[in-house]
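Written out below as structure tokens is the structure these notes cover.
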Amino acid sequence: MAQLERALKHIDAQRCAYTEELKEWVRIPSISAGAQEDSTGALARAADFAVAQCEGLGLRAEKVQVSPDTNPLVVARTPSFSPGRPTVLVYGHYDVQGVDNPRSAWTCDPFGAEEKEGYLLGRGSSDNKGPCFAHLKAVQALRAAGGEMPVNLVFLIEGEEECGSRALSQFITGGGLEDFGPIRGVVISDTSMYGPDRPSLTLGLRGILFFQLTVHGPKQDVHSGLFGGIIHNPNQLLVRALATLHDAEGRVLVPGFYDQVLPLSRREKTIYDALEVDEAAYCRNLGVKQLIGEPGYSVLERRWTRPTLEINHLSGGSPRTVIPARATAVISCRLVPDQDPERIEAALQQYLRAQLPAGTEVEFGNTHSSPAYHLDPDHPLVPRALQAIRTGFGLEPLLTREGGSIPIVTQLHQHTGASVLLIGLGQITDNWHGPDEHFSLRDFHRGMRTSAALLCALGEE
Ligand code: BES
Ligand code: ZN
């Protein structure tokens with residue numbers, strides 16, 4: 001029996017034991033974004049857990065403190081690389097979002113890791129501990145199956161995906177990947193499947209431009225009866241400016257916003273047009289009456305291939321009769337190939353300034369960005385990834401894209417020159433970042449199988 005077959009049998013037999021280990025990881029409240037209290041200890045423990053897991057796989061693993069104020073980065077590798085074997089880099093993140101979204105909306109303990117009707121409940125179960133763990137356990141199974149590991153392995157498991165990936169980004173730009181030599185492929189499971197029993201290879205992620213815009217007014221909040229009528233109100237200036245960002249049908253009106261957008265190839269359009277879309281199910285799941293968006297594009301084109309601009313948060317003043325000192329909007333654009341985040345940022349700043357009266361004090365801050373990622377459907381690794389999904393799931397995989405962003409993906413791609421294979425194991429209904437996050441344990445199982453098959457496939461000539 002071949003190594004892969006033995007590994008698959010091992011995974012099938014160890015499924016429950018591996019699930020119990022995953023629960024331990026999910027029980028650690030390693031919140032990096034939106035923590036109510038200090039999470040430093042929990043982040044360190046979640047990183048230690050990953051290090052111990054990697055060591056258990058015979059990898060050389062360390063918790064790297066890239067700089068004093070960043071969360072630890074877990075770096076693990078096969079201790080000595082076999083020169084004849086390709087190297088594969090697997091990326092995941094152990095940090096999770098906060099649980100106050102709102103906390104009262106959770107019907108389970110966010111860090112209880114309860115199992116219910118085939119799902120593991122808990123913050124981080126799907127984004128991203130469960131999918132990341134599937135790769136670790138696939139390596140364990142390949143080891144248990146005997147024989148040499150089919151590839152040299154590098155695991156990068158970061159603790160800052162949800163808050164900007166600063167440590168990993170510094171690690172990469174500081175030459176951290178150079179020790180590993182050429183990389184054949186990067187493997188990531190931090191996206192979603194097309195649907196239940198619809199595994200997919202994700203060909204693209206949208207990029208992001210995130211920033212905060214503050215409009216300043218009087219030096220402090222002042223009485224709106226005393227001074228209303230003689231000074232600008234920052235709330236009003238801000239909402240008027242924001243109201244000019246889109247037309248009534250949802251197109252972004254900022255000059256130049258669409259200039260660099262590459263049209264979708266006929267090949268990809270055909271692939272996505274063939275996917276069925278149940279608009280009523282979207283409406284039901286989201287609790288909305290209808291879907292909207294840019295005219296002339298299908299729902300999937302709008303979700304995956306068109307750029308957007310969203311106002312994520314507004315604040316200013318208080319619910320009293322005041323004219324506030326300042327008003328702030330948090331805005332993010334999702335970017336597509338070949339939009340350049342810096343060009344979009346400049347265009348937006350110029351446009352927004354022009355929408356405000358001359359002399360208004362405006363501040364842009366908290367900016368971070370990364371361009372979109374895209375993999376050619378004809379890339380030579382695509383058939384290997386699809387075959388691995390077939391082996392893992394026993395189902396025919398789909399080719400998709402995603403609307404979300406994993407900012408480090410582009411950097412990993414640029415610095416390794418390797419293509420990134422995005423094989424999501426979660427569902428868009430798993431409530432990432434929301435209450436009652438959950439992860440299908442059946443997909444955890446099929447994900448471990450897929451990963452074992454993929455590592456073998458990537459090891460082949
Ligand atoms: N796992 C998601 C990325 C994702 C989301 C992929 C949706 C595919 C579809 C990741 O943890 C995430 O939430 N990323 C953030 C990044 C942002 C804060 C820079 C996102 O997309 O909003
Ligand atoms: Zn996330």
Side-chain angles (χ1 to χ4, degrees), residues 26 30-35 46 71 91-99 101 110 122-134 156-169 187-195 199-212 282 285-286 300 302-305 307-313 330-336 341 344-345 366-375 398 400-412 420-435 437-439 443 447:
V26 173
S30 43
I31 301 174
S32 71
N71 300 336
Y91 162 86
H93 64 95
Y94 68 78
D95 64 316
V96 302
Q97 286 272 339
V99 294
N101 12 61
R123 171 60 82 233
S125 57
S126 182
D127 182 11
N128 172 246
K129 287 171 176 167
C132 176
F133 207 57
L156 291 177
I157 306 177
E158 68 158 321
E160 298 183 317
E161 194 277 342
E162 304 290 6
C163 65
S165 302
R166 266 195 312 142
L168 179 53
S169 181
V187 175
I188 303 181
S189 293
D190 193 22
T191 48
S192 61
M193 291 165 49
Y194 187 63
S200 33
L201 177 69
T202 301
L203 295 176
L205 290 171
R206 286 193 288 194
I208 192 161
L209 165 65
F210 180 96
F211 66 96
Q212 183 173 305
Y282 274 98
N285 288 330
L286 293 167
L300 294 180
R302 270 143 49 213
R303 274 187 63 213
W304 297 344
T305 73
T308 59
L309 185 158
E310 302 286 345
I311 301 164
N312 302 118
H313 187 255
V330 174
I331 296 172
S332 56
C333 298
R334 297 288 169 170
L335 307 177
V336 301
I344 302 294
E345 182 187 350
N366 271 353
T367 309
H368 62 82
S369 66
S370 69
Y373 174 74
H374 183 246
L375 176 66
L398 303 170
T400 60
R401 286 204 203 181
E402 285 266 32
S405 314
I406 307 173
I408 210 67
V409 164
T410 313
Q411 229 179 319
L412 283 171
V420 183
L421 299 172
L422 296 154
I423 302 181
L425 300 178
Q427 299 291 333
I428 60 172
T429 48
D430 282 354
N431 291 356
W432 293 347
H433 302 194
E437 180 177 340
H438 54 276
F439 181 48
D443 290 334

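Counting starts at 1 for both ligands and their atoms, following the listed order. We use all heavy atoms of the structure for the numbers below, so side chains are in, but hydrogens, waters and symmetry mates are not. All residue numbers refer to positions in the sequence shown, counting from 1. This is a predicted model, so every value here is computed, not measured.
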#### Entry: Heavy-atom gap His368 to ligand 1 smaller than 4.0 Å
yes
### Query
Is any side-chain heavy atom of Phe439 closer than 4.5 Å to a side-chain heavy atom of Val26?
no
### Query
Can you find a heavy atom in the side chain of Leu205 that is under 4.5 Å from one in the side chain of Ser405?
no
## Note on the structure
Shortest non-hydrogen pair, Ser200 vs Ser192, comes out as OG-O, 3.9 Å
### Task
Using distance alone, with no hydrogens and no angle criterion, decide if Asn101 and His433 have a side-chain donor and acceptor under 3.5 Å apart.
no
### Message
Could you check whether atom 5 (C) of ligand 1 has a protein contact, counting only heavy atoms that fall below 4.0 angstrom?
### Response
yes
### Task
Report, in ascending order of atom number, the atoms of ligand 1 lying under 4.0 Å from any heavy atom of His433.
13 (O)
### Task
Give the minimum heavy-atom separation between Glu162 and Asp127, together with the two atoms involved.
OE2-OD2, 3.0 Å
### Message
Within the structure provided, determine whether Glu402 and Arg303 are in side-chain contact (heavy-atom separation under 4.5 Å).
### Response
yes
### Message
Below 4.0 Å from ligand 1: does a non-hydrogen atom of Asp190 turn up there or not?
### Response
yes
### Query
Is the shortest distance from a heavy atom of Arg334 to ligand 1 less than 4.0 Å?
yes
### Query
Does ligand 1 have any atom sitting under 4.0 Å from a heavy atom of Pro407?
yes
### Task
Sort out for me which residue in Val187, Val409, Ile408, Asn128 forms a side-chain contact (heavy atoms from CB on, under 4.5 Å) with Tyr91.
Ile408
### Message
With the threshold set at under 4.0 angstrom, would you say Arg206 reaches ligand 1 through any of its heavy atoms?
### Response
no
### Message
Parallel, tilted or perpendicular: which one describes the rings of Phe210 and His368, with boundaries at 30° and 60°?
### Response
parallel
### Query
Are side-chain heavy atoms of Arg334 and Glu310 found at a separation under 4.5 Å?
no
### Task
State, to 0.1 Å, how close Asp443 and Leu425 come at their nearest heavy-atom pair, and which atoms those are.
CB-O, 3.7 Å
### Query
Should you measure from each heavy atom of Glu162, which atoms of ligand 1 turn up under 4.0 Å away?
11 (O), 12 (C), 13 (O)
### Task
Considering heavy atoms of the protein only, find what lies nearest to atom 17 (C) of ligand 1 and give residue, atom and distance to 0.1 Å.
Ile208 CD1, 4.1 Å
### Message
With 2.8 Å as the limit, count the protein N, O or S atoms near the Zn ion (ligand 2).
### Response
4
### Task
Report yes if the side chains of Trp432 and Glu437 come closer than 4.5 Å at any heavy-atom pair, otherwise no.
yes
### Task
Work out which heavy atom in Cys163 is nearest to a heavy atom in Ala33; give both atom names and the distance.
CB-CB, 4.5 Å
### Query
For ligand 1, which atoms, with element, lie under 4.0 Å from some heavy atom of Asp127?
1 (N), 11 (O)
### Task
Run the numbers for me: atoms of ligand 1, each under 4.0 Å from some heavy atom of Glu402, listed by number.
8 (C), 9 (C)
### Task
Mark yes or no for whether Glu158, through its side chain, and Ala167, through its backbone, hold a donor-acceptor pair below 3.5 Å.
no
### Part of Phe210 with heavy atoms under 4.0 Å of ligand 1, whether side chain, backbone, both or neither
neither
### Message
Within ligand 1, which atoms have a heavy atom of Glu161 less than 4.0 Å away?
### Response
10 (C), 11 (O), 12 (C), 14 (N)
### Nearest-contact summary for atom 15 (C) of ligand 1 - protein heavy atom, Å
Ser405 O, 3.6 Å
